[in-house]
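First the structure, in the form of structure tokens, and then the observations on it.
Note that the structure is predicted; figures quoted are calculated from it, not measured. Just so it is clear: chains get the letters A, B, ... in the order the sequence lines come, proteins before strands, and each one is counted from 1.
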Protein chains: 2
Amino acid sequence: MGRAMTKSTNDREPTSESVETVSIGSGTADDLKTRVSWLYYMESKTQDEIAQIVGSNRSKVLRILAQARADGTVQIRVTSRLSRCVELEAELKSRYGFETVIVVPTPQDPVDLPGIIGSELGAYLSQRIGPDMSIGLGWGRTLTSGIPAIEQRQPSGVSVISLLGGLTKVSRVNPSDFAWRAADRLAAECYMVAAPVFAPDAASREALMNHHGIAEVLDRARRLDLAVVSVGDLSPDSIFTRYGLLTHEEIISLERAGAIGDVLCRFIDSEGNVIDHPVNDRVLAVHPADLGGAREVILASGGWSKLTAIRAAIKLLEPKVLITDSVVAERIAVD
Amino acid sequence: MGRAMTKSTNDREPTSESVETVSIGSGTADDLKTRVSWLYYMESKTQDEIAQIVGSNRSKVLRILAQARADGTVQIRVTSRLSRCVELEAELKSRYGFETVIVVPTPQDPVDLPGIIGSELGAYLSQRIGPDMSIGLGWGRTLTSGIPAIEQRQPSGVSVISLLGGLTKVSRVNPSDFAWRAADRLAAECYMVAAPVFAPDAASREALMNHHGIAEVLDRARRLDLAVVSVGDLSPDSIFTRYGLLTHEEIISLERAGAIGDVLCRFIDSEGNVIDHPVNDRVLAVHPADLGGAREVILASGGWSKLTAIRAAIKLLEPKVLITDSVVAERIAVD
DNA sequence: TAGGAGTGTGCCGAAATGGGAAGAGCTATG
DNA sequence: CATAGCTCTTCCCATTTCGGCACACTCCTA
């Protein structure tokens, strides 16, 4: 046999009786996904058997299962923690005064990291968010990949506020969708900054900031219950270069000015100060300093390449919650 | 390929570099399980790769993974619900006034059912139990298999009270361990009835009931926050016959007296009344009627064979929470 | 009517599985 | 103290099952 799920030793014959139990009778459209996932993960049936039961073929079942894993319909969690990670969490808590620290083991392949930190974030948010909370959200791969891990729920007065403008160029996977998609999961109202993150120049930024809708959103952002932010670096595959938000020259110029990364698209130096640079004057986003009004700031970011930026962001934001990976945690713990 | 986990399209070579990331460095004893589970489910490595990394062989990795799934170290959940189940939940809520109803699809193989209902129960309890709560627990396969799904937590003043005596014959899998194992998960204090469920006769039962320790436990059971019970039937593979708690003659006699099942080892008729029978006078357990003092009674049980018993138990206990399967739910909904 | 998305089929190599056999470590017993 | 019995581990093998891929087909839309 070749399946990851346990199958008890007995081998009841499929007996080709496609008679369905009342329970798993066909329902509406995407019940199919639930049903297939259920049969596979809960009842440990093979994909072939499932194909028989739902009247389809393996390929489709396979596709559905892949999608189910991707969109969070099935969630796989390792509940126990590595002792080293637990140690690091304790160290960081006492050294920096964090209320909560979550340290995940750094994966061997760095591309997995945003996903892993993201799902940890999602799980944390799911149990942290209560009725009528207002939640401010940033951006980024880390945050985006946390969405599937946010548990779907009934409306309960939660509101989600996007802390930054969006992308103008709407790419297929728009990271600034994050707020909207998170709001969808939470059945929350969603307030978005209906403008690009980077205004053409400081003047138009000023104009937009005073715009009615935008001003309201930014105002809400000043009295948040939770603020979730990530940090960015200036590496070649940062969002800025990947989405063409900034030119190569601008990046260089920022580096010269001492920038080592960004928080909410505001570029900061290694001491956690927002640097003085023209690009920073064009940003349509809540200023990191304004997050002080939030009752709980959550910083979720990891990876060796972001170490300095994370260090700086901690100084700047003084978050209550930190979610990161063990490599970063090890280094920060000995600072 | 033959694995249940998605593997992204790229195939980075294993490169035989057994160099470990700092993060996943070796730790204490059962870190191994965590580590293996992590590598498998989070980093989508093959069992071979993992064997290399942790310095072992496939077989062991395989076994560790199986154990990890069994003991809840890795949890796989299907988060979406079948629409039919949601409908049934709503119907039952309005018809019987339950506060919460959870209906799971009936599996094709009935042996899976206790496990499925159990994990749903475990998940519910995990999010329901708060600091300093006192929780009364019954017994049974359903309840036992819920343990892995109870999230491990830090001590917070929770106390667990066993609502029944134990088995004298200690078999390998003692279902009356349930309370103790649940307490372990919850880092809770555990109060057990240190006596067999069935006393030899009514007189010795009386004597035991007045015993200091036992009386205290039974007293605690009268002021519970949560009471979790299941129901039993009189089928040939009920606990009573399987563990030889009652003789065949006694079962027959109980049936003649109108018994259709039991709640906390008290036999009841189809109207939900505890019947008048010698066996019921020998039970060392909290009386179902005494559960009225609990702030929330949770009834978790399912399966066609238990339908009548569940009906009766609902009348008797009037629980606030019902966890069952769709076959039972369908029937109860049209009562 | 042409394109495109979604579906059904078949095939292949890689992975996973459950035993079975051989070896190591431990216990109980003479 | 030695040895037979037992369990647990490790190693190996035959089968099943997976996941991806290529391709033909259908149904819907532009």
Specify the separation, in whole Å, of atom CG of B/L65 and atom P of C/dA15. 15 Å
Side-chain atoms of A/R63 come closest, of C/dG18, C/dC11, C/dT7, to C/dT7
Pairwise 5' ranking along DNA chain D for B/S59 and A/S59, keeping only the more 5' one: B/S59
Donor + acceptor pair across side chains of A/T73, A/D71 (<3.5 Å): yes
Out of D/dG19, C/dT7, C/dA15, which has the shortest distance to the side chain of A/K60? C/dT7
Between atom CZ in A/R58 and atom P in D/dT16, what is the gap in whole Å? 14 Å
Do you know which two heavy atoms are closest between A/N57 and A/A51, and how far apart they sit? C-CB, 3.5 Å
Separation of D/dT16 P from A/I50 CD1 (nearest whole Å): 19 Å
Residues, nucleotides or ligands: over 12 heavy atoms within 6.0 Å of A/Q154 CD: no
Rounded to whole Å, the CD1-P distance (B/I64 to C/dA16) equals 15 Å
Without decimals, in angstroms, what is the distance between A/D48 CG and D/dT17 C1'? 8 Å
For the pair B/S238 (side chain) and B/G232 (backbone), establish whether a donor and an acceptor sit closer than 3.5 Å, ignoring hydrogens and angles. no
Look at the side chain of B/T106 and the backbone N and O of B/V327, then say whether any donor-acceptor pair between them is shorter than 3.5 Å. yes
Closest listed nucleotide, where the reference is the side chain of A/S56 and the choices are D/dG19, C/dG8, D/dT9: C/dG8
Distance in angstrom units between B/Y41 OH and C/dA16 P, rounded: 10 Å
Base, sugar-phosphate, or nothing for A/N57, non-hydrogen atoms under 4.0 angstrom? base
In whole Å, what is the span from the CG atom of A/L62 to the P atom of C/dG8? 13 Å
Of the options D/dT10, C/dA16, D/dG19, whose atoms approach the side-chain atoms of B/T46 most closely? C/dA16
Less than 4.0 angstrom between a side-chain N/O of B/Q47 and OP1 or OP2 of C/dA15, yes or no? no
What's the CD-P distance between B/E49 and C/dA15, to the nearest Å? 8 Å
